[in-house]
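These numbers come from the heavy atoms of this one structure, side chains and all, not from hydrogens, waters or symmetry mates.
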Amino acid sequence: MKKYTLKEMTVGTPAVAEVKLTYSSNIHPNDRRICYTADDCHDVLAEWWDRETIEVYESFAVLFLDRGNRVIGLYDHSRGGSSATVVDTKLVIATALTCRADSIVLAHNHPSGALKPSQADVTLTKKLATAAKFHDMRVLDHLLLSPWDEGYYSFANSMPEAISGYDINRL
């Protein structure tokens with residue numbers, strides 16, 4: 001049987017898509033920001049977050065960290081409406097795997113300024129923490145940001161059971 005290249009397969013045979021996983025960083029690991037605490041992560045996110053839209057709509061972002069808690073990158077995942085945004089677990093985990101992250105910090109804003117997580121926030125945190133566990137990654141925190149300088153909410157500091165996810169031995 002003749003072996004076809006992907007280019008040949010699109011001519012006269014059913015097409016097959018080529019999948020490429022790529023990631024490249026132009027920042028040397030020694031030059032990356034380090035996030036040891038929720039304050040460190042908040043500082044990185046607050047510098048990045050668009051101050052002109054933080055009060056308008058919800059956004060969801062993810063910090064990817066290496067084993068030394070150095071920031072590999074920041075992923076601008078989604079933008080939603082005034083009270084919610086959609087988070088695709090598969091895309092978050094796929095992006096983490098692509099950049100070879102060892103840990104993840106989740107973040108989203110509440111345009112209202114409320115620094116109290118909703119039940120949907122708690123459920124999402126547990127779901128992503130559980131998905132990360134299956135790939136030998138950890139969710140270190142989930143931060144809720146406010147449009148005002150009133151601080152932030154840290155799941156790691158206030159609700160650590162959420163970032164441990166569900167018991168995968170019971171699934």
Side-chain angles (χ1 to χ4, degrees), residues 20-66 68-132 135 137-160 162-163 165:
K20 291 183 178 181
L21 291 176
T22 62
Y23 165 76
S24 63
S25 173
N26 57 355
I27 302 171
H28 191 277
N30 292 338
D31 297 330
R32 294 178 184 160
R33 296 275 293 268
I34 298 177
C35 288
Y36 289 124
T37 66
D39 282 341
D40 296 337
C41 295
H42 176 261
D43 291 347
V44 171
L45 291 158
E47 287 174 27
W48 170 82
W49 222 277
D50 185 348
R51 301 306 297 175
E52 293 182 3
T53 62
I54 193 169
E55 195 175 348
V56 179
Y57 53 80
E58 248 186 56
S59 299
F60 191 89
V62 185
L63 285 175
F64 298 113
L65 308 174
D66 66 13
N69 285 12
R70 292 180 298 260
V71 177
I72 295 170
L74 192 151
Y75 173 42
D76 183 6
H77 179 70
S78 65
R79 290 183 184 87
S82 61
S83 61
T85 190
V86 175
V87 177
D88 187 326
T89 303
K90 290 183 282 188
L91 286 177
V92 171
I93 297 301
T95 306
L97 290 169
T98 300
C99 69
R100 300 180 335 268
D102 289 294
S103 53
I104 302 169
V105 175
L106 311 169
H108 78 280
N109 64 307
H110 280 176
S112 67
L115 291 177
K116 183 177 190 284
S118 67
Q119 186 54 50
D121 295 338
V122 174
T123 301
L124 173 67
T125 303
K126 288 182 175 184
K127 182 179 176 182
L128 282 163
T130 303
H135 299 284
M137 293 181 285
R138 296 180 311 139
V139 170
L140 296 180
D141 208 341
H142 182 170
L143 301 180
L144 302 182
L145 285 75
S146 168
W148 301 284
D149 294 327
E150 297 174 3
Y152 59 90
Y153 180 92
S154 163
F155 276 81
N157 293 342
S158 303
M159 195 185 302
I163 61 167

Any side-chain heavy atom of Tyr75 sitting closer than 4.5 Å to one from Leu91? yes

Taking atom CZ of Arg138 as the centre, does the number of heavy atoms from other residues, nucleotides or ligands within less than 6.0 Å exceed 12? no

Check whether any side-chain heavy atom of Tyr153 lies under 4.5 Å from a side-chain heavy atom of Ser158, and answer yes or no. yes

Answer whether the closest heavy-atom distance between the side chains of Tyr152 and Leu45 falls below 4.5 Å. no

Donor-acceptor check, side chain of Asp40 to backbone of Thr37, threshold 3.5 angstrom: yes or no? yes

What heavy-atom pair brings Gly113 and Trp148 nearest, and what distance separates the two atoms? CA-CZ3, 3.3 Å

On a heavy-atom basis, the closest approach of Pro147 and Pro111 is CG-O, 3.3 Å

Got a second to check how far His135's NE2 is from Asp102's CG, nearest 0.5 Å? 14.0 Å

Indicate yes or no for a side-chain donor-acceptor contact from Thr53 to the backbone of Val56 under 3.5 Å, with no hydrogens or angles considered. no

Please test Leu140 against Ile163 for side chain to side chain contact (heavy atoms under 4.5 Å, CB included), starting from the C-alpha separation and ending with a verdict. CA-CA 7 Å; Leu140 296 180; Ile163 61 167; 5.8 Å; no

Report yes if some heavy atom in the side chain of Asn109 is under 4.5 Å from a heavy atom in the side chain of Leu144; otherwise report no. no

N/O donor-acceptor pair under 3.5 Å between His28 side chain and Asn30 backbone: yes

Determine the minimum heavy-atom distance between Asn157 and Ala38, stating which atoms define it. ND2-CB, 3.8 Å

Step by step, work out the side chain to side chain contact (heavy atoms under 4.5 Å, CB included) result for His110 and Leu145. CA-CA 6 Å; His110 280 176; Leu145 285 75; over 6 Å; no

Do His108 and His142 have a side chain donor and acceptor closer than 3.5 Å? yes

Atom pair CG (Leu128) and CE (Met137), whose distance is rounded to the nearest 0.5 Å: 10.0 Å

For a quick test of your reading: what N or O donor-acceptor pairs under 3.5 Å do the side chains of residues 57-66 make, sequence neighbours left out?
{"residue": "Tyr57", "atom": "OH", "partner": "Arg79", "partner atom": "NE", "Å": "3.4"}
{"residue": "Asp66", "atom": "OD1", "partner": "Gly68", "partner atom": "N", "Å": "2.9"}
{"residue": "Asp66", "atom": "OD1", "partner": "Asn69", "partner atom": "N", "Å": "3.2"}
{"residue": "Asp66", "atom": "OD1", "partner": "Arg70", "partner atom": "N", "Å": "2.8"}
{"residue": "Asp66", "atom": "OD2", "partner": "Arg70", "partner atom": "NE", "Å": "2.9"}
{"residue": "Asp66", "atom": "OD2", "partner": "Arg70", "partner atom": "NH2", "Å": "3.1"}

Residue list, side chain to side chain donor-acceptor pair (under 3.5 Å) with Asp88, at least two apart or on another chain: none

Min side-chain heavy-atom separation Pro117-Phe155 under 4.5 Å: yes

Nearest heavy-atom approach of Ile104 to Ala132 is CD1-CB, 4.2 Å

A side-chain contact here means heavy atoms from C-beta on lying under 4.5 Å apart; do Val139 and Leu106 qualify? yes

Are any non-hydrogen side-chain atoms of Ile93 and Leu97 less than 4.5 angstrom apart? yes

Enter the distance from Thr125:OG1 to Asp121:CG here, rounded to the nearest 0.5 Å. 6.5 Å

Non-hydrogen side-chain atoms of Arg100 and Ile72 separated by less than 4.5 Å: no

Go through it in stages, so that I can follow the logic: the residues are Val71 and Cys35, the test is side chain to side chain contact (heavy atoms under 4.5 Å, CB included), and I'd like the CA-CA distance, side-chain angles, deciding distance and then a yes or no. CA-CA 7 Å; Val71 177; Cys35 288; 3.7 Å; yes

Would Val92 and His77 count as a side chain to side chain contact (heavy atoms under 4.5 Å, CB included) here? Give the steps. CA-CA 7 Å; Val92 171; His77 179 70; 3.9 Å; yes

Asp141 side chain to Ser154 backbone, donor-acceptor under 3.5 Å: no

